[in-house]
Amino acid sequence: MSSGVAARRDAKKLVRSPSGLRMVPEHRAFGSPFGLEEPQWVPDKECPRCMQCDAKFDFITRKHHCRRCGRCFCDRCCSQKVSLRRMCFVDPVRQCAECALVSHKEAEFYDKQLKVLLSGATFLVTFGNSEKSETMVCRLSNNQRYLFLDGDSHYEIEIAHISTVQILTDGVPPGGGNTRATGMFLQYTVPGAEGMAQLQLTAGEDGNASRRQAAAWLVAMHKVLWVSSDQAWDPSSSVVFISRHPAGC
């Protein structure tokens with residue numbers, strides 16, 4: 001990928017909407033797959049009362065629109081200003097209590113997991129049913145649209161084209177305890193090709209620090225795919241674990 005193409009993918013511009021300032025992709029096609037569009041605000045004439053506590057709006061009780069859901073609330077029910085990165089707002093914006101709770105949960109992903117994914121981790125990568133693996137650094141692109149795999153060769157997989165993700169583990173340790181993520185199996189579509197493509201990522205055994213980084217990357221990658229497919233993302237959702245060597249890998 002040339003530096004010029006990369007620059008176009010990552011280019012952003014500042015725009016103003018009724019809800020506030022947003023730093024959005026310059027080219028819409030390069031937007032994040034788990035970004036959210038701004039909602040249509042409920043028209044003022046259709047909401048004479050707070051949609052949470054039913055307080056009547058007047059000169060004293062003013063109405064406010066939640067920037068995430070677009071509904072009308074009084075100040076008491078819509079007083080929180082919370083970061084809303086899925087809509088690319090530069091500053092925290094007003095949200096109702098329910099939406100603020102979701103946005104707070106999502107902030108954990110942006111503050112922690114996203115940094116892990118952008119940094120990348122090293123895996124043994126097996127494409128299709130090949131018996132050969134290649135050592136590659138896997139990372140999320142800066143615009144969050146692609147999974148980059150770099151080794152002797154370079155591959156790009158668009159996040160929106162991934163249909164299946166399964167975390168591979170080393171099983172239950174003797175005496176109980178938590179399982180350890182050791183790899184990931186992905187199925188995805190390739191534009192212009194028939195059928196599904198697949199690959200498997202396996203964490204190497206070349207040091208504890210590298211293995212911990214790979215395990216953290218795997219868990220974070222699972223959350224990216226969760227976000228891209230569900231607006232009401234829950235970061236406490238459990239990871240889907242399967243056997244270490246699933247059929248078809």
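To the nearest 0.5 Å, atom NZ of residue Lys132 and atom CG of residue Leu124 are 14.5 Å apart. To the nearest 0.5 angstrom, Phe123 atom CZ is 6.0 Å from Cys138 atom SG. Separating the CG atom in Asp58 from the CZ atom in Arg49 is a distance of 10.0 Å, to the nearest 0.5 Å. Atoms SG and CZ, on Cys66 and Phe73 in that order, are 6.0 Å from each other to the nearest 0.5 Å. To the nearest 0.5 Å, atoms OG1 (Thr189) and CD1 (Ile157) are separated by 10.0 Å. Interatomic distance, CD1 of Ile162 versus CD of Gln198, reported as 13.0 Å (0.5 Å rounding).
No path of Ile, Leu, Val, Met, Phe, Trp and Tyr side chains, each step under 4.5 Å between heavy atoms, connects Val82 with Phe109, placing them in separate hydrophobic clusters. Cluster membership for Tyr110 and Leu118, using ILVMFWY side-chain heavy atoms within less than 4.5 angstrom, is shared.
Between the side chain of Ser103 and the main chain of Cys99, a donor-acceptor pair closer than 3.5 Å is present. Side-chain atoms of Arg67 come within 3.5 Å of backbone N or O of His65 as a donor-acceptor pair. Under the 3.5 Å distance criterion, the side-chain polar atoms of Glu134 are matched with a main-chain donor or acceptor of Ser153. Listed for the Gln200 side chain is no donor-acceptor partner under 3.5 Å among the backbone atoms of Gly183. The main-chain N or O of Cys78 is found under 3.5 Å from a side-chain atom of Arg94 such that the two form a donor-acceptor pair. The backbone N or O of Cys77 sits nowhere less than 3.5 Å from a side-chain atom of Gln52 that would complete a donor-acceptor pair. With Arg68 contributing its side chain and Ala100 its backbone, the two residues share no donor-acceptor pair below 3.5 Å. A donor-acceptor pair under 3.5 Å links the side-chain atoms of Thr182 to the main chain of Leu168, judged by distance alone. Ser83 places no side-chain N or O within donor-acceptor distance of the main-chain N or O of Arg85, the cut-off being under 3.5 Å.
Within the 4.5 Å cutoff, the side chain of Thr61 has no heavy atoms near those of the Lys56 side chain. Counting heavy atoms from C-beta outward, Glu46 and Trp41 have side chains that stay 4.5 Å or more apart. Within the 4.5 Å cutoff, the side chain of Met184 has heavy atoms near those of the Met221 side chain. Between Cys50 and Phe57 the shortest side-chain heavy-atom distance falls below 4.5 Å. In this structure the side chain of Cys74 never reaches within 4.5 angstrom of the side chain of Lys63, judged on heavy atoms. Counting only heavy atoms from C-beta outward, the side chains of Leu114 and Gln144 approach each other to under 4.5 Å. Looking at heavy atoms from C-beta onward, Arg22 lies in side-chain contact with Ser17 at the 4.5 angstrom threshold. In this structure the side chain of His161 reaches within 4.5 angstrom of the side chain of Pro191, judged on heavy atoms.
The two atoms that bring Met87 and Glu37 nearest to each other are CE-O, 3.5 Å, heavy atoms only. Residue Leu218 comes nearest to Ile167 through the heavy atom pair O-CD1, 3.8 Å, listed as atom of the first residue, atom of the second, then distance. Closest approach of Arg62 and Phe59 over heavy atoms only: CD-O, 3.4 Å. Closest approach of Gly120 and Arg139 over heavy atoms only: CA-CB, 3.6 Å. Here the closest non-hydrogen pair linking Leu149 and Leu147 is CD1-O, 3.8 Å. For Val93 against Ser19, the heavy-atom pair with the smallest separation is CG1-O, 3.9 Å.
A salt bridge links Arg145 to Glu158: at least one charged side-chain nitrogen sits closer than 4.0 Å to a carboxylate oxygen.
Under a cut-off of 6.0 angstrom, the local environment of CD in Gln80 is crowded, with over 12 non-hydrogen atoms contributed by other residues, nucleotides or ligands.
Screening Phe148, Phe127, Tyr188 for a ring pair (Phe, Tyr, Trp, His ring centres under 6.0 Å) involving Tyr155 leaves a single residue, Phe127.
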